[in-house]
Structures are given as structure tokens and as C-alpha cells.
Colleague: 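Below: one structure in C-alpha cells.
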Amino acid sequence: MNNIPLDKFQEWMQGVIEHPGNDQEAWHATSVESSVPYQTALDNVLPSQTLQPMERIAIYRNMFYLRMVDAMEIDFPGVLHFLGEETFDKLIIEEYVQKFPSHSYTLNYLGKNFPRFIQESNIAEKEFLFELATLELAITTNMDEDESPVLTDDDVARVPVEKWEEVKIIPIAAFKLFEFDYAAGEYLDAVLEKKEISSSPSRKKSYVMVYRNNYTTWHKNLAREEYTLLKSLSDGTTLGEGIALLLEEFSDSKEELQDKIFSWFNSWVTDGIFQSIKY
Amino acid sequence: MSPNKWNIPDLGFGVGLRSVHYDYILEQNPAVDWFEIISETYLESGGRVRYVLDKVAERYPVVLHGVSLSIGSHDPVNWEYLKLLKKLAERVKAPYITDHLCWTGVNAHNVHDLLPIMFNEESLKHITSKVKQVMDFLERPFALENASTYVAFKGSTMSEWEFHARLMEDTGCGMLMDVNNIYVSAYNHDFDPKIFIDAIPPEQICQYHLAGHTNKGTHILDTHSDHVIEAVWELYRYAYQRTGGRATLLEWDEDIPEFDVVHQEALKAKKHRTEPNDFSNLLKKPQIAPTMHLTKVEMPEGK
């Protein structure tokens with residue numbers, strides 16, 4: 001039988017390519033054979049002088065495997081490091097892309113469900129891995145956020161002294177803040193800097209900001225105080241309210257806090273994480 | 001020599017815009033005639049990717065070359081994708097848009113590969129309808145590239161070149177002739193590449209692609225990972241003699257060397273346009289035999 005309908009033929013070929021098992025398992029899978037039965041499919045694929053039908057289709061299967069794994073390894077170097085290449089690749093092909101196949105025109109978004117997938121899985125240390133994957137996904141997706149104007153020193157200098165307490169400071173679109181239960185940022189730094197990581201991560205509150213500056217995405221670990229103020233500001237509270245919250249939650253004196261805020265603010269403007277000041 | 005149907009000017013010798021070369025291109029403004037971009041890389045990208053594209057488009061002609069239109073898929077046209085594509089074409093003032101005669105997935109999946117078409121009447125009818133919809137929507141010249149393939153089907157009732165020719169006749173779309181892909185498929189399916197080239201109306205060809213590939217012994221993979229081999233240059237000369245002035249682009253996507261190496265490889269095409277062609281390398285190529293494309297070949301013993 002040669003007249004396999006177009007839709008059935010394509011469902012069959014896609015099914016074989018995406019199947020996580022070996023060639024025989026893929027061709028014989030119930031879901032695959034429901035599109036085109038094994039023998040009909042085998043008759044339809046011509047051998048070449050050097051390759052049998054199954055070997056020819058395997059070229060596409062292998063390329064699919066490599067593309068999926070490469071895309072995820074690039075976007076999730078921390079999770080890859082933690083799990084090891086063999087476990088990571090197996091997880092991606094046998095489970096992740098089976099549950100979340102690509103529906104996009106680009107592989108850039110293949111990992112968008114990876115944190116959720118980890119959260120719903122039974123992987124060891126999944127709480128830590130969920131946070132690590134969340135951070136890595138944020139770094140990847142931050143590249144495509146809209147461009148914003150960036151606050152300059154002149155913008156800051158124009159704010160009247162008496163208005164500072166009531167200003168609202170607006171972050172750029174490519175800015176994200178995270179509060180984690182594990183040191184996900186430190187782990188990722190160690191992986192990227194190829195430092196030796198001796199033990200499994202233990203529970204430890206950590207705070208990370210992800211931002212884009214000069215067309216490059218960065219992530220920076222923050223102290224809890226700095227995170228608290230940044231969170232207040234990015235939630236739309238005034239600088240005065242943010243400082244009041246800090247004074248309430250932390251034991252610093254007003255003078256100590258002023259020095260810290262001055263230092264943070266310089267750093268934030270240099271990092272380009274704000275786009276405007278409203279007052 | 002034959003003008004193309006849409007009077008698209010010969011843009012000269014271009015290279016694919018790749019991220020590893022961004023800094024070099026922005027700093028050096030190399031004397032490249034034009035750039036081809038992978039459309040999907042830029043459809044919704046922000047940040048540096050968008051910035052670089054805008055800078056490049058200010059200085060050079062930019063042509064869009066897609067990999068996810070999936071024109072051969074049984075799925076209907078993806079209008080959301082097409083809207084983004086049209087917007088991008090307008091942004092960079094692309095003179096024309098290209099993609100591949102292939103499918104990349106069905107039932108809304110994308111396996112991110114250029115999957116082979118079963119060349120028969122049902123596929124032709126389906127793809128003809130989709131190409132017409134795409135061309136009506138994009139409102140600028142549109143061409144499909146012949147893809148490298150590694151498998152052939154008994155369910156194909158016509159050759160790849162006949163399919164291309166009929167599709168172009170029925171829709172008025174153009175062809176981006178990838179000479180390396182013709183060579184790769186000729187090797188993998190055991191046909192004479194010149195038959196393919198001869199079957200395509202010269203006026204329908206609006207651009208050429210050239211690339212290197214990887215010979216695995218049992219088959220050739222279209223890896224875009226090396227210099228163009230001499231037999232492919234000979235095919236280029238053979239094809240070019242039929243058409244004359246057509247934009248020519250060098251693709252290099254794996255193990256990408258420095259920009260100048262890629263550019264120099266593209267510029268070799270200039271010399272090949274004027275060189276006489278004796279086709280000696282083509283005739284020497286061991287896997288090319290006059291076996292018909294659709295003939296089921298005898299397998300060697302033990303296979």
C-alpha cells in the first residue's frame with residue numbers, strides 16, 4: 001500500500017522521530033502504529049545503496065535528539081551540572097520533551113516549562129533544582145524583554161531634595177527579582193566560573209536580581225536588605241515607604257541605612273536597572 | 001542568462017548573519033554585499049539581537065530565510081507566525097522572503113528539522129494551497145529552497161525536481177536553489193544532480209545557496225560545517241550558466257570560523273561565475289549514477 005494519506009504519513013514520521021526508545025521500539029509503538037502500521041511504514045521507506053529504511057529514518061531521530069538536548073544544555077548549565085550529562089540528557093529526551101514538545105517556531109522557548117516540569121517530577125533535590133531552573137530560565141527569557149530607557153545620573157540629579165521620600169522608581173522591563181530557599185545564584189556562579197562544588201546545596205535563603213545592561217543579561221546575588229528595598233520599589237511603593245520598611249525589619253540605624261542606600265543606589269544606576277523616577 | 005521573474009536584483013555575494021560574528025560586523029563594517037538572516041532568530045527577539053539586526057539592516061540589504069514555516073505540514077498556515085514574519089520583513093526592508101520545501105512538524109509540534117516531503121499529488125495540492133495563502137499575505141516575492149534529504153518514499157510518485165517545477169508553475173513562487181543540497185540529496189538518493197538543475201525553469205530561481213557538508217560514508221549530512229567542495233562549485237557553475245545574475249549566499253552554521261574566512265568562501269563564487277565548466281569532478285563522483293530517483297535500489301549483500 002503506497003497511498004498513505006498525508007496527515008497519517010506525517011503523524012507517523014513525527015511519532016517515530018519523537019519516540020524516546022530505540023528504532024524498533026519507535027516503529028512498533030502503539031501510538032506510532034495507530035498512524036501507519038509497521039509493515040506499511042517499512043514498505044513506504046525506500047532503502048538506499050548503503051542504508052536500510054530504519055537506518056535512514058534514524059538519521060532524523062538522532063538529529064532530533066541532539067537538537068533538543070543541545071538547546072536545553074545551553075539554557076540550563078546549572079541543572080546540567082547538578083544532574084550530570086547522562087542523567088540530564090535522558091531526562092530531556094525520555095521525559096521533558098515527551099511531556100512538553102516544542103510548539104514554537106524557535107528552540108529558544110523549549111525550556112519554558114522546565115521549572116514546572118521539575119516541580120511536578122520525582123527528581124531528587126527537586127526543590128533546589130526548581131529554583132535553579134527558574135533562575136536559568138529567567139536569564140534566558142530576559143534577553144527578549146522589551147528595551148527600556150535607562151535612568152541616568154542627570155535624571156537623578158534633577159529630583160528636588162525635598163521630593164526624594166515620595167519618589168517612585170520604575171525598573172526596566174528586563175529586570176526580575178527572586179527570593180529563593182536555596183543558594184541558586186551562588187551555585188550557578190560556581191558552575192559558570194568552573195569552581196569546584198563539593199556538596200549538595202543546603203537550604204539557605206538567597207536573593208537574586210536578573211537584569212539586562214548594554215544588551216547583555218546579568219544576574220547578581222543580593223543581601224536581604226538590598227532585596228527588600230528593591231522589592232518594595234519594584235512593587236510600586238515610594239522610596240520613603242521602602243526605607244520605613246527597612247527600618248522596621250532590620251536593626252540598622254537610620255545613618256547606617258542611609259550609607260547603604262546611597263551605595264546601593266549608585267550601583268543600581270550603574271547597572272541600569274531603572275528606567276525613570278516619578279514624583 | 002535569464003532574468004528572474006520578479007526582477008529581483010543580483011544582490012551579489014552574501015553570508016548568513018550569525019551571533020558569533022556580531023561584534024566583528026558592528027566594529028569592522030565588512031564589505032559584504034548582503035546578509036541573510038534566519039527569520040526565527042529575530043521574529044520576537046529583543047536586546048542585543050534586535051539591536052544588531054537594526055544596525056546591520058541600516059548598512060546592508062537583508063533577506064529573510066526561515067526554517068519553521070513548515071509549508072509541507074498537513075497543519076494549516078500558522079497566521080501568527082506569518083504576521084511576525086511580515087512585520088520583520090517590513091522592519092528590515094527585505095527584498096524577498098525564503099523558506100524550505102519541507103515540513104517541521106504536525107499537530108502543532110515542531111521537531112525543528114527540515115523533514116522530507118512525500119512527492120505526490122496530495123502533497124502538491126496541499127502545499128500549493130498553502131503557498132498561495134502565504135504569498136497573498138506576505139505581499140513580497142517568496143521562494144522555497146530545496147532541502148537536503150536522507151530518506152525517500154515509495155509513496156512519492158514524482159521526482160523532487162518535478163515537484164518543485166509544478167509547484168512554481170501552479171503558484172508563481174520562486175526557488176532558492178541550494179546547490180549543496182542538490183549534491184547532498186543526489187548522493188543520498190543516487191540521482192544525477194544536473195537532471196535536477198535542468199528541470200527548474202531558470203526564471204524561477206531567485207537566489208543560490210552554497211555550503212559545506214559532512215560525508216559520513218553511508219550518506220552525506222548537510223551540516224554547513226566546512227568549505228564548499230569542488231564538486232559543489234562545479235554544480236554552481238553549471239546552474240549559474242543557465243540563470244546569470246542571482247544573489248549567492250554562503251551558509252556556515254557549525255564550527256563557524258572567523259568572519260573573514262566565511263566571507264572569503266562566499267567570494268569564491270565570484271570566480272566560479274566566470275570560469276568554464278568541464279564537470280570533471282561531477283563525472284568522477286562515485287555515488288552519482290543514472291539510477292532513477294524512484295527506483296528501489298538493490299541493497300548490497302549483508303544489508
Side-chain angles (χ1 to χ4, degrees), chain A residues 1-15 17-18 35 40-53 55-64 67-68 71 97 101-110 141-147 173-174 212 214-217, chain B residues 39-41 43-52 66-70 72-75 78 81 84 103-113 115-116 118 120 122-123 126 150-157 188-190 216-219 221 287 289 291 294-300 303:
Chain A
M1 183 181 123
N2 295 334
N3 54 343
I4 301 170
L6 180 60
D7 56 343
K8 293 297 169 194
F9 159 70
Q10 293 188 342
E11 281 170 10
W12 169 81
M13 187 159 178
Q14 180 172 283
I17 289 170
E18 290 181 333
S35 300
T40 308
L42 196 62
D43 289 345
N44 185 47
V45 180
L46 298 175
S48 71
Q49 290 192 16
T50 51
L51 295 172
Q52 294 286 11
E55 292 172 317
R56 300 186 93 180
I57 296 291
I59 295 170
Y60 291 95
R61 283 171 47 77
N62 292 338
M63 288 194 290
F64 174 73
R67 281 199 175 95
M68 298 299 120
V97 296
S102 175
H103 293 295
S104 169
Y105 59 80
T106 170
L107 277 169
N108 289 348
Y109 307 135
L110 183 65
T141 54
N142 211 43
M143 288 302 299
D144 292 334
E145 292 290 354
D146 287 339
E147 197 65 26
R212 196 173 65 213
N214 199 21
Y215 306 109
T216 303
T217 289
Chain B
S39 311
E40 290 76 7
T41 305
L43 287 180
E44 292 178 286
S45 297
R48 180 168 167 74
V49 173
R50 189 186 186 103
Y51 170 79
V52 171
V67 292
S68 282
L69 177 62
S70 200
S73 168
H74 187 263
D75 287 354
N78 181 341
Y81 170 86
L84 293 170
W103 58 289
T104 62
V106 69
N107 299 333
H109 284 214
N110 191 345
V111 301
H112 299 280
D113 201 352
L115 301 176
M118 200 148 63
N120 58 26
E122 187 192 6
S123 296
H126 181 72
Y150 313 107
V151 64
F153 304 104
K154 201 173 181 180
S156 290
T157 55
N188 291 341
H189 304 307
D190 198 18
K216 308 291 273 188
T218 53
H219 59 285
L221 280 179
Q287 291 292 328
T291 314
L294 300 172
T295 305
K296 193 167 180 175
V297 295
E298 291 293 321
M299 295 305 294
K303 286 276 178 182

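Throughout, a chain's letter reflects where its sequence line sits, starting with A, and its residues are numbered from 1.
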Colleague: Among the options K216(B), H109(B), R48(B), E40(B), pick out the one with the most heavy-atom pairs lying under 4.5 Å from chain A.
Modeller: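 Among K216(B), H109(B), R48(B), E40(B), the one with the most close pairs to chain A is H109(B).
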Colleague: Between L46(A) and F153(B), is the side-chain contact (heavy atoms from CB on, under 4.5 Å) condition met? List the steps.
Modeller: CA-CA 5 Å; L46(A) 298 175; F153(B) 304 104; 5.8 Å; no
Colleague: Please look at T217(A) and chain B and tell me whether the side chain, the backbone, both or neither of the residue comes under 4.5 angstrom of a heavy atom of that chain.
Modeller: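 It is neither, since no heavy atom gets under 4.5 Å.
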Colleague: Considering all heavy atoms of both residues, which atom of S123(B) and which atom of L6(A) are nearest to each other, and what is their separation?
Modeller: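 It is OG-CD1, 3.7 Å.
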Colleague: Taking every heavy-atom pair that is under 4.5 Å apart, which of P53(A), S104(A), A71(A) has the most such pairs with chain B?
Modeller: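 That would be S104(A).
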Colleague: Run the numbers on I17(A) and D113(B) for side-chain contact (heavy atoms from CB on, under 4.5 Å), then give the verdict.
Modeller: CA-CA 10 Å; I17(A) 289 170; D113(B) 201 352; over 6 Å; no
Colleague: Is T41(B) in contact with chain A via its backbone, its side chain, both, or neither, using a 4.5 Å heavy-atom distance?
Modeller: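 Neither part.
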Colleague: Please answer whether the main-chain N or O of N3(A) pairs with a side-chain N or O of E122(B) as donor and acceptor at a distance below 3.5 Å.
Modeller: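 It does not hold such a pair.
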Colleague: I need the Y105(A) OH to L84(B) CG distance, nearest 0.5 Å.
Modeller: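 It is 5.5 Å, given to the nearest 0.5 Å.
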Colleague: Is it the case that the side chain of N44(A) and the backbone of G155(B) share a donor-acceptor pair, with hydrogens and angles ignored and the cut-off at 3.5 Å?
Modeller: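 Yes, the answer is positive, given that a donor and an acceptor are paired below the 3.5 Å cut-off.
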Colleague: Under 4.5 Å, counting heavy-atom pairs only, tell me which of M68(A), R67(A), M143(A) racks up the most with chain B.
Modeller: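 Option with the greatest count: R67(A).
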Colleague: Do E18(A) and V111(B) make a side-chain contact, defined as non-hydrogen atoms from C-beta onward lying under 4.5 Å apart?
Modeller: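 Yes, their side chains come closer than 4.5 Å.
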Colleague: Heavy-atom pairs under 4.5 Å with chain A: which of S68(B), S45(B), G47(B) has the most?
Modeller: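 Max contact count across the listed options: G47(B).
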Colleague: side-chain contact (heavy atoms from CB on, under 4.5 Å) for R50(B) and E147(A)? Distances and angles first, verdict last.
Modeller: CA-CA 10 Å; R50(B) 189 186 186 103; E147(A) 197 65 26; over 6 Å; no
Colleague: Assess the side chains of H112(B) and S102(A): does a donor N or O sit below 3.5 Å from an acceptor N or O?
Modeller: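 A pair is found: one side chain offers a donor N or O, the other an acceptor, under 3.5 Å apart.
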Colleague: Under the criterion side-chain contact (heavy atoms from CB on, under 4.5 Å), I'd like the reasoning laid out for E11(A) against N107(B): C-alpha separation, chi angles, the key distance, then a yes or no.
Modeller: CA-CA 8 Å; E11(A) 281 170 10; N107(B) 299 333; 3.5 Å; yes
Colleague: Which pair of heavy atoms, one from Q49(A) and one from D190(B), lies closest together, and at what distance?
Modeller: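 Closest approach of Q49(A) to D190(B), heavy atoms only: NE2-OD2, 2.7 Å.
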Colleague: Indicate the ring-plane relationship of Y215(A) and Y51(B), choosing parallel, tilted or perpendicular according to the 30° and 60° boundaries.
Modeller: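 Taking Y51(B) first and then Y215(A), their aromatic rings lie parallel (interplane angle under 30°).
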Colleague: Just how far is it from atom OG1 of T218(B) to atom CD1 of I59(A), taken to the nearest 0.5 Å?
Modeller: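 If I round to the nearest 0.5 Å, the distance is 6.5 Å.
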Colleague: Less than 4.5 Å to any heavy atom of chain B: does that hold for the side chain of D146(A), its backbone, both, or neither?
Modeller: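 Neither the backbone nor the side chain of D146(A) comes within 4.5 Å of chain B.
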Colleague: Starting at CD1 of I4(A), measure out to CE of M118(B) and round the result to the nearest 0.5 Å.
Modeller: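 The CE atom of M118(B) is 5.5 Å from CD1 of I4(A), to the nearest 0.5 Å.
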Colleague: Is a side-chain N or O of Y60(A) found less than 3.5 angstrom from the main chain of Y150(B), in a donor-acceptor match?
Modeller: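 Side chain of Y60(A) to backbone of Y150(B): a pair is present.
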Colleague: Checking L221(B) against chain A: side chain, backbone, both or neither under 4.5 Å from a heavy atom?
Modeller: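 Contact with chain A: side chain only.
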Colleague: When rounded to the nearest 0.5 angstrom, what is the spacing between CG in N110(B) and OG1 in T106(A)?
Modeller: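 Rounded to the nearest 0.5 Å, the CG-OG1 separation comes to 9.0 Å.
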Colleague: Just by modelled atom types, is the V106(B) backbone N or O under 3.5 Å from a matching donor or acceptor in the Q10(A) side chain?
Modeller: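 No; zero donor-acceptor contacts below 3.5 Å.
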